[in-house]
Amino acid sequence: MAPSFDDGNTLFDFVVKEGNGVKGLVDSGIAKVPEKYIQPPYERIGKLVENSKDHFSSIPIDLSKLDGPQHDQVVEAIIRAAETLGFFQVINHGMSLDLLESLKDAAHRFFRQPADAKAVYLKGVSPSPFVKYGTSFAPEQEKALEWKDYLSMVYTNDSDARKHWPKECKEVALDYLKSSTNMVKRLLGILIKNLGVTVDGSKLESLIGTKLVNMNFYPTCPNPELTVGVGRHSDMGTLTVLLQDGIGGLYVKLEEDALVGRKEEWLEIPPIPGALVINVGDSLQILSNGRYTSAEHRVRTTSKQSRVSIPVFTAPRPTEKIGPLPHLAKLDGGALYRDVIFQEYMNNFFGHSHEGKKSLDFAKINAN
């Protein structure tokens, strides 16, 4: 018989403090979502748009064509996607299918372990401050927890990664991060050039000087209509690279546009074998003075099969000052965002639960 988790403190201790995570709840045999995971009705994800009407999310961009006669068309597609939805998918990105499959296998291998094997990486006891296993996003701040466990690995150098990252995934995660970083540099170079500036390698590196790999695990859920895998949010960094498996559940908000008669809607980013999802983060929206958009997105749970996703987050160095490029602010009649030290932006981002794009208010001028 499954234990009772009706008491919120008992559940919090079991899931968060003891490191059992959501997987521990599911393994205990629960038949329904505990109250602590039930989202308010306006945050729940119902049966949404099955096939995206926005072709940027469903038709991948072939990056190999950047080296051929269709270079300009590919560049235009990348720029347009960054300006509109803030999400696009890429194929022929230089990462083998074997690497991508190995990543998913490694994620499942890590989360299949007993709770005590994963709990050695809990905050406060992990052998490295750059490796953290946890659950939800900000459980201490959240009114309703997210149906997700995760492993986060910040990259400092190869030696530290090989010493401290979990053996179940460190080599494949390191390969993935390095390959993703090379691709991000190329994509970011295209997007920055479109803003009318040329940046050298050191400046480009400063905009992606913080790099980390997350492995996200979404266990099967008995009542997926009541909870969320990840709540509404935008990413805080520059560009994110995401590998999702074939199960699906990633949804992006397409903002209302009165000029074209478009209503707000949520679109699924459909899983495409061999493709990677790219999305714009808050830092790039700030840098571009709003010309590129960091899309609000969220994740639905499923009752059918556990799901994994593996993002690489690239972000400015903590000491980097981020703000709109001066010539863009002049062209636009003023800056939409103030200059902020990225460490301060991070502190604000992680200090609150997910609430759409509210994190951007920290840098927004005249934010309400």
Side-chain angles (χ1 to χ4, degrees), residues 1-41 43-48 103-123 125-126 132-152 166 168-169 214-231 233 242-251 271 298-311 353-354:
M1 184 175 177
S4 172
F5 292 106
D6 294 336
D7 177 67
N9 291 332
T10 301
L11 181 142
F12 192 88
D13 289 347
F14 178 84
V15 173
V16 179
K17 293 184 178 180
E18 297 170 19
N20 289 286
V22 182
K23 186 175 187 298
L25 282 181
V26 174
D27 290 348
S28 76
I30 59 167
K32 62 179 182 178
V33 167
E35 185 176 350
K36 187 64 178 173
Y37 284 91
I38 296 177
Q39 296 285 333
E43 295 290 1
R44 298 174 193 173
I45 306 175
K47 198 66 176 175
L48 299 173
L103 269 167
K104 290 181 279 188
D105 290 344
H108 280 290
R109 192 160 56 245
F110 176 82
F111 289 103
R112 268 201 310 265
Q113 296 180 102
D116 58 356
K118 294 177 288 188
V120 299
Y121 298 104
L122 284 171
K123 183 179 180 180
V125 300
S126 177
K132 180 186 173 186
Y133 159 71
T135 188
S136 201
F137 174 70
E140 289 80 7
Q141 282 83 36
E142 292 164 338
K143 294 179 180 177
L145 298 175
E146 298 175 340
W147 198 263
K148 178 193 78 170
D149 300 332
Y150 68 87
L151 172 69
S152 179
E168 293 78 15
C169 57
N214 270 23
M215 289 189 163
N216 298 325
F217 183 73
Y218 305 93
T220 53
C221 179
N223 311 103
E225 72 283 358
L226 297 180
T227 189
V228 298
V230 180
H233 71 288
L242 174 74
L243 170 64
Q244 56 174 343
D245 62 17
I247 296 169
L250 172 63
Y251 289 88
R298 56 186 181 173
V299 175
R300 192 175 192 270
T301 60
T302 176
S303 60
K304 297 177 181 177
Q305 192 176 348
S306 294
R307 175 179 181 263
V308 293
S309 68
I310 303 104
S353 58
H354 283 145

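Since the model is a prediction, treat every value here as computed from it, not as a measurement.
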Distance, nearest 0.5 Å, that separates [atom1] of [X] from [atom2] of [Y]:
| X | Y | atom1 | atom2 | value |
| --- | --- | --- | --- | --- |
| E225 | T301 | CD | OG1 | 8.0 Å |
| F111 | S306 | CZ | OG | 11.0 Å |
| L11 | L25 | CG | CG | 5.5 Å |
| I38 | T227 | CD1 | OG1 | 8.5 Å |
| I247 | Q305 | CD1 | CD | 4.0 Å |
| K143 | Q39 | NZ | CD | 11.5 Å |

Closest approach of [X] and [Y], non-hydrogen atoms and distance?
| X | Y | value |
| --- | --- | --- |
| E168 | A106 | O-CB, 3.5 Å |
| L226 | R44 | CD2-NH1, 3.7 Å |
| R298 | V230 | CB-O, 3.3 Å |
| N214 | S152 | OD1-OG, 2.9 Å |
| A119 | V125 | O-CG2, 3.5 Å |
| T135 | V15 | CG2-CG1, 3.7 Å |

Heavy atoms from other residues, nucleotides or ligands near CD of Q141 exceed 12 (cutoff 6.0 Å):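 Correct, the count exceeds 12.
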
Parallel, tilted or perpendicular, judged at 30° and 60°: which one describes the rings of Y121 and F110?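 Plane angle between 30° and 60°, so tilted.
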
Test your reading of the model: is there a side-chain donor-acceptor pair from [X] to the backbone of [Y], 3.5 Å cut-off?
| X | Y | answer |
| --- | --- | --- |
| E142 | F137 | yes |
| D245 | K104 | no |
| R300 | I45 | yes |

Taking the side chain as C-beta and beyond, is there a heavy-atom pair between E18 and D13 under 4.5 Å?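 In short, these two side chains touch, coming nearer than 4.5 Å.
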
pair Y37-K32: side-chain heavy atoms closer than 4.5 Å: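 Not in contact.
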
Please tabulate, for the side chains in residues 216-224, all donor-acceptor contacts under 3.5 angstrom to protein atoms that are two or more places apart in sequence or on a different chain.
{"from": "N216", "atom 1": "ND2", "to": "S309", "atom 2": "OG", "distance (Å)": "3.3"}
{"from": "N223", "atom 1": "OD1", "to": "V33", "atom 2": "N", "distance (Å)": "2.8"}

Just jot down the side chain to side chain contact (heavy atoms under 4.5 Å, CB included) partners of R112, sequence neighbours excluded, or say none.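 Residues passing side chain to side chain contact (heavy atoms under 4.5 Å, CB included) with R112: H108, R109.
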
